[in-house]
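As structure tokens, the structure follows; a few thoughts come after it.
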2 protein chains.
Amino acid sequence: MRLPIVEGMTDIFDALTAPARRAIMDALAQRDEQTLFELMNRLRSDHALTLTRQAISQHLAVLDEAGLVERRREGRYTFHTLNTAPLREIPQRWPDRSTS
Amino acid sequence: MRLPIVEGMTDIFDALTAPARRAIMDALAQRDEQTLFELMNRLRSDHALTLTRQAISQHLAVLDEAGLVERRREGRYTFHTLNTAPLREIPQRWPDRSTS
DNA sequence: TCGATAGGCAAGTCTCCACTTGCATGCAAG
DNA sequence: CTTGCATGCAAGTGGAGACTTGCCTATCGA
């Protein structure tokens, strides 16, 4: 039941604060295994977000530290995949009261 | 399927940003119907958070705008209750992939 | 009515972080 | 090996918001 705590890991709430990071998660929810440039172009076209490559790279680093995305290096490309598992911390912390 | 959009409503991610606001939600998850002073003392004793009354009041206003707490005025007291319903937006936006 | 309690409003400060700019690294194709 | 592409590292800047201070309103008890 206990989630593994990685040292120096950013908590998911810090990661979810920036709207740009949530947009990146949206883009990855639509399609996994995207590279940095693919994400940049997708944010520009689909989410009306024009950010520099470095900004997105920093966002991906934060999301990686929070465990919300996973990076796989292959040659000169780095593919990013969404990991929704850490999000389960939220309903665990504040359980739903719909049927109370 | 569509959630009612209240005008000028803060989204829940902005509300979840501040650690103090998450601590307030923790305190309300333990016991509902708490007043401002009760919350202040509880944060001080249980969460090692010494904030001024005004700070907590501002946090409660943000949580109220996000729909995460509900305020009920009774005489000179205002009782605060946690509402977890808006949190369902999160797994709806990024569905769990455990059984994919 | 007067003091005490519970809370609200408004403005100021200051820290943090999102974003940029600039430069460096590594792989790949010709 | 050299040019180009994909990415990383580091420092600087600007703005948002978390928190405080100060003052005001309202309700309850004596």
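Chain naming here is simple, since letters A, B, ... match the order of the sequence lines and numbering starts at 1 in each.
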Atom CD of Glu74(B) and atom C1' of dT5(C) are separated, to the nearest Å, by 16 Å
(message) Can you confirm whether Leu28(A) sits close enough to Leu39(A) that some side-chain heavy atom of one is under 4.5 Å from a side-chain heavy atom of the other?
(response) yes
When rounded to whole Å, the CD1 to P distance for the pair Ile56(A) and dT7(D) reads 11 Å
Next on the checklist: For a quick test of reading the model: is some side-chain N or O of Arg71(A) closer than 4.0 Å to OP1 or OP2 of dG8(D)?
Outcome noted: yes
note: Phe37(A), atom CZ; dT7(D), atom P; distance rounded to Å ~ 6 Å
>> Is a donor from one side chain sitting under 3.5 angstrom from an acceptor on the other, for Ser57(B) and Arg53(B)?
In response: no
Separation of dA18(D) atom C1' from Arg22(B) atom CZ, nearest Å, is 13 Å
Phosphate OP1/OP2 of dG7(C): any Thr35(B) side-chain N/O under 4.0 Å
yes
Picking from dG8(D), dG8(C), dA18(D), the nucleotide nearest the side-chain atoms of Leu36(B) would be dG8(C)
task: Would you classify Arg73(B) as touching base, sugar-phosphate or nothing, given that sugar-phosphate means primed atoms plus P, OP1 and OP2, and contacts are heavy atoms under 4.0 Å?
output: nothing
Between Gly75(A) and Ala55(A), the residue closer to the 5' end of DNA chain C by nearest nucleotide is Ala55(A)
Quick note, Gln54(B) side chain, CB onward, closest among dG22(C), dT21(D), dA18(C) is dT21(D)
>> So does Thr81(B) get a backbone contact from the side chain of Arg72(B), meaning a donor-acceptor N/O pair under 3.5 Å?
In response: no
Testing dA10(C), dC23(D), dT20(C) for proximity to the side chain of Arg53(B), the answer is dC23(D)
Distance col, row Arg97(B):CZ vs Leu82(A):CG, nearest 0.5 angstrom, shows 4.5 Å
Within the side chain of Gln34(A), is there an N or O that forms a donor-acceptor pair under 3.5 Å with the backbone of Ala27(A)? yes
Met40(A) atom CE is separated from dT20(C) atom P, nearest whole Å, by 11 Å
Between CZ of Phe13(B) and C1' of dC17(C) the distance, given in whole Å, is 19 Å
Think Ser57(A) has a side-chain N or O under 4.0 angstrom from the OP1 or OP2 of dC19(C)? no
| Side-chain N or O of His59(A) less than 4.0 angstrom from OP1 or OP2 on dC17(C)? | no
Exercise. Looking only at N and O atoms, is any donor in the side chain of Gln58(A) or the base of dT20(C) less than 3.5 Å from an acceptor on the other one?
Worked result: yes
Taken to the nearest whole Å, CG/Asn41(B) to P/dT5(C) is 13 Å
Between CG of Leu60(B) and C1' of dG8(C) the distance, given in whole Å, is 12 Å
Handout entry: N or O in side chain of Arg76(A) less than 4.0 angstrom from dT25(C) OP1/OP2
Key = no
